Amino acid sequence: MRSLERLALRLVRALDSACHRLLGWRYNPLHQSGSIAVALLTLLILTGLYLLVVYRVSAPWESVARLQADPWIGRWMRGVHRYASDALVVAVAAHVLRMFAQARGWGARTLAWTSGVLLLFLLLISGWTGFVMVWDTFGAQLAMAGARLFDALPILSEPVGRTFAGDREIPSAFFFLNLFLHVALPLGAGVGIWLHVSRIARPTLLPPRPLMWGIGLGLLALALFVPAPLPPEADPFHYTATVPLNLFYAFWLPLASSLPVWAAWAGAGATLGVALAIPRLTRRPREGSWSPSVVDPRLCTGCEQCPKDCPWEAITMRARDDDRPTLVAHVDPALCVSCGICAGSCPPMGVGPAHRTGRDQLVDIRALARDVLSVAGAPQVVAICCENAAPTHLDAVRREGAVVQTVTCSGNLHSSVVELALRGGASGVLVFSCPPRDCRGREGPKWLTERMFNGRDAELQERVDRRRVATATMVVGDLAHTLATLREFRASLAPLGSGGAVDLTELDVECESGAALVEAEER
Amino acid sequence: MSLPISRLAALSAASVAALVLLRAASFVPVHDVRSDSAWVRLSWSARPERIEHCRRLSDAELAERPAHMRLRLECEGRFARYGLQLMVDGAVVLVDTVQGGGLRNDRPMHVLRETPLTPGTRAVRVVLVRLDTLSTPDAESEGVATPESDAVLGDRGAREREERQRRSEEGIPPQLSLDTTVTLGAGRVLLVTYDGEKRALATRTGGS
C-alpha cells in the first residue's frame, strides 16, 4: 500500500506541477477538488430544478427531446447539467487520489474517508438514475445492466428486467422512482457532505471565485458550442449497433456486461471493500512524525489559543486537577492528525506532538545556530521549509546559499524559532509553506502568517525586525519562483546590513522560564 | 490576475483540451455486441397450476371444525413445475424448468430468457409443458366442484367453489406451444409472451 501511495503521490505532484505552470498555485483546481465538487453539485441542483419542471414521467424521452429542441434555454441547460455531472466525477476522483496520495484517509480522517466513499457511491447511483430517466438507448442499456445485476439478488421474485422486455408498457412509476431517487440522493448527499466535513474546523466549501466562475463558464461554453446530443429513444425490440457510453458513470458497464453476474458483484464488492478498508490499510503507528499532540499541564496557561487554532477540533479545555485557577488544554488523540499546528500556537510551548513542540524546535534551531550559522563567514538566510511543499526544491535552495531547515508543516513552526534564528546569526528567515489550499495540516500557512505579522498567539515578538522575516509559498513545478523569492528576499536584506549573532542567553531564559517553573515545581 | 500572453494562450489551450476530453469521455461510441445477432426473448408472468389431492369432508367432520375454518374440500399439494423448450429451425436452443417464485413456489412464475439467433428467416417453436401430474386422478383437484347445494356451509360453500374455479382459471394451461416463422435483422428482437386473456403464447416484434 505504501508503494501505491508513493506512486499516487508522484502522479499528484506531476499533475500539480503542470497546473502550477498554467494557473499558478492560487488557482490550481487540483488543490480545491473537494470544494469544486461542492460547487458543481450546487450547479447541478440549480440546473436540475429547471429540468425537473420540464421532465414528464409519462413521456420521458419525448420531454427530454422537447427540451433538446429548445435552443434558448433547454438545450444548454441540459448540456450544463450533463457536463457538470461529468466534471463532478473528475473532481471527486482528483480529490480521492489526492487524499490517498497524501495519506489523509486514516486515523481522525477515517470518518471523512468513509463518508466520502459512500458519497461517491451515492453519486454514481444518482448518475445512473439520471441516465435511465432519459430512456434513450444508453439509458436503457444502463437500466438493463442494472436489472441484470439486481435480478441476481434474491430480493424480488419478479425480475426487474421484465419491466424492459417489451410485453407491456414501462410503468410511469418506474420513471417516477428514478426521478425521486435522482432528486433525493443529491439532497441526501448534502447530509453526507456535512458528515464528511464534520470533524474539521472551518471547512472551505467553495473554491476561489475566479476558479469557480471559470469552471462554470467553461461548462456553459461547452454546452453552447458542443451541445450534449440526445441518442434515439430506447426500443425494446431493437438493439442499436452503437451506444454513446458515458465513461464517467458507466466505466464499469463493458466489463460488468462481459462478466458473469456473480463475478460482477464480486468485483464491485471487492472494490467497495478495498475502498472502505483504506483507513486500516494506510494507517501509521502513532509514533515519530505521526505521534499525537500532548499537553504539558504544568506549562499550559489555559489561554485557549490551541483549541482555536486546531483545524481538527481535537483540543478542548478542561478543568484542572490541581489548584491553579485556569483551564487546561486536552488533546483527544483519536481526533489529532499530528499536524503540529498547536505547537506553533502555544506561547509557553506546552503542547505539540512528541519531538515537535516549540521547545524541541528551539533545541534544533539552537544546534543550527551553533553548528552552521556561527561558523559561516557571513550571515546567511535561513529557509525554513514545509517538508511537504516541494521536496525537490530543497537542494536548489541550499545551492542558492540558504541554510535549510525543514518542518512538517509551516503551522507547526513556533515564532520563537524565527527569533532565535535571527539572534543566532541569520541575516533573515524565509519560511516556505505549501499552498494554503493544499496544506496537509489544512491551516498551516494561514496561522503562520497571522503569527508572524498579525499578532496572533504565539506571535513573533515586537522586538524582531519584520523586514528580516518573510513567508512565501513553495510549489512543485515552479522552482524558478522559489529561487526568485529567495533572491528577492536576500536583496531586500542587503540594505539592512548584517544582523549578526547576539547572546542567546536572554532569549533562552525567556523561552525557558516556563521550563524553569516546571523544574522548580518538580523540586 | 494578470497573465502574460503566452501563459494565457497555454491556459486557454489547456482549458479547451480539458473540455474536449470531458466531452469525448461523456459520449464514447461503443459497439453493442447484441446488435450483431437477432434475438428471441421469452418474457411472461403467469400463475402455475396447483397440483393437489383433495378430500371431501363429511358434514360431521365440518361441524367439528371452527366456523371460520370450514371448507368442504381439504386439499394438500404444491404448485406445478413446467418444462420450457425453445427450438429454432428444428434445433433445440434452450431447455429449462420454470416454477413459481417464492420459497414455497406459490408466487407467479416469471420467465425472462434471451437467446441469440443468426439474423434471417427462422422457424421458432416455443413449448411450455407441465412436468408435474397427480399420481392418482382426482376430478375435484382440478377445481371442478359438483354443483350441489351445501346444507352445512350454505353461501360459504358457493363462495368456496367459485374461489376454486377462479384459481383454476388463473393458472397457466398444462401445455402451451407456439410455432412461428419470422424474419429478423441484426439487433432485432422477437418477443414471445403469454397472453392471459387468450391463455396462449403470443409474439411481438415491435415496429420492425
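Below, each value reflects all heavy atoms present in this structure, side chains not excepted, and no hydrogens, waters or symmetry copies. The structure presented is a predicted model; accordingly, all values stated were derived computationally and were not measured.
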Around A:R26, counting heavy atoms of other residues, nucleotides and ligands shown, do more than 12 lie under 6.0 Å from its CZ?
-> no
Part of B:T193 within contact of chain A (heavy atom distance under 4.5 Å) = side chain
From B:E114 atom CD to A:R148 atom CZ, the distance as rounded to the nearest 0.5 Å = 11.0 Å
So how far is it from B:S15 OG to A:L23 CG, rounded to the nearest 0.5 Å?
-> 7.0 Å
With a distance cut-off below 6.0 Å to the six-membered ring centre and an angular limit of 45° from the axis, does A:R82 pair with B:F27 as a cation-pi contact?
-> yes
Nearest heavy-atom approach of A:L222 to B:R23 is CD1-CB, 4.2 Å
By a 4.5 Å heavy-atom criterion (distance strictly below it), what part of A:T240 contacts chain B: side chain, backbone, both, or neither?
-> backbone
Can you name the closest pair of heavy atoms from A:F237 and B:L191 and give their distance?
-> CE2-CB, 3.5 Å
CG of B:L103: more than 12 outside heavy atoms within 6.0 angstrom?
-> no
Against chain A, work out which of B:P29, B:G187, B:S26 has the most heavy-atom pairs shorter than 4.5 Å and name it.
-> B:S26
How many angstroms lie between CG in A:L245 and CG in B:D32, if you round to the nearest 0.5 Å?
-> 10.5 Å
Chain A interface, residue from B:G101, B:S43, B:A18 that has the most non-hydrogen pairs under 4.5 Å | B:S43
Let me know if A:V89 has heavy atoms under 4.5 Å from chain B in its side chain, its backbone, both or neither.
-> neither
Measure A:P227 against the heavy atoms of chain B and call it side chain, backbone, both or neither at under 4.5 Å.
-> backbone
What closest approach, in Å, do B:S45 and A:E158 show between heavy atoms, and which atom pair accounts for it?
-> OG-OE2, 3.5 Å
Chain A interface, residue from B:R41, B:H31, B:R107 that has the most non-hydrogen pairs under 4.5 Å = B:R41
Crowding at CZ, A:R209 (>12 non-hydrogen neighbours, <6.0 Å) = no
With only heavy atoms counted, which part of A:P229 is less than 4.5 Å from chain B, the side chain, the backbone, both or neither?
-> both
Name the region of A:A18, side chain, backbone, both or neither, that has any atom closer than 4.5 Å to a heavy atom of chain B.
-> neither
Region of B:R34 that comes under 4.5 Å of a non-hydrogen atom in chain A = both
Between A:T242, A:D167, A:L219, A:V90, which shows the greatest number of heavy-atom pairs under 4.5 Å with chain B?
-> A:D167
So which heavy atom on B:L22 is nearest to which on A:Y83, and how close?
-> CD2-O, 3.8 Å
Spacing of B:L8 atom CG and A:L22 atom CG [to the nearest 0.5 Å] = 11.0 Å
Let me know if A:P236 has heavy atoms under 4.5 Å from chain B in its side chain, its backbone, both or neither.
-> both
Chain B heavy atoms under 4.5 Å from A:F164: which part of the residue, side chain, backbone, both or neither?
-> backbone
First locate atom CG of B:L184, then atom NE2 of A:H238, and finally report the distance between them rounded to the nearest 0.5 Å.
-> 11.0 Å
Minimum-distance pair of heavy atoms, taken over all atoms of A:A241 and B:S35 | CA-OG, 3.2 Å
Against chain A, label B:V111 side chain, backbone, both or neither, depending on which of its atoms sit under 4.5 Å from a heavy atom there.
-> backbone
Heavy-atom pair with the smallest gap, counting every atom of B:L112 and A:P159 = CD2-CB, 4.3 Å
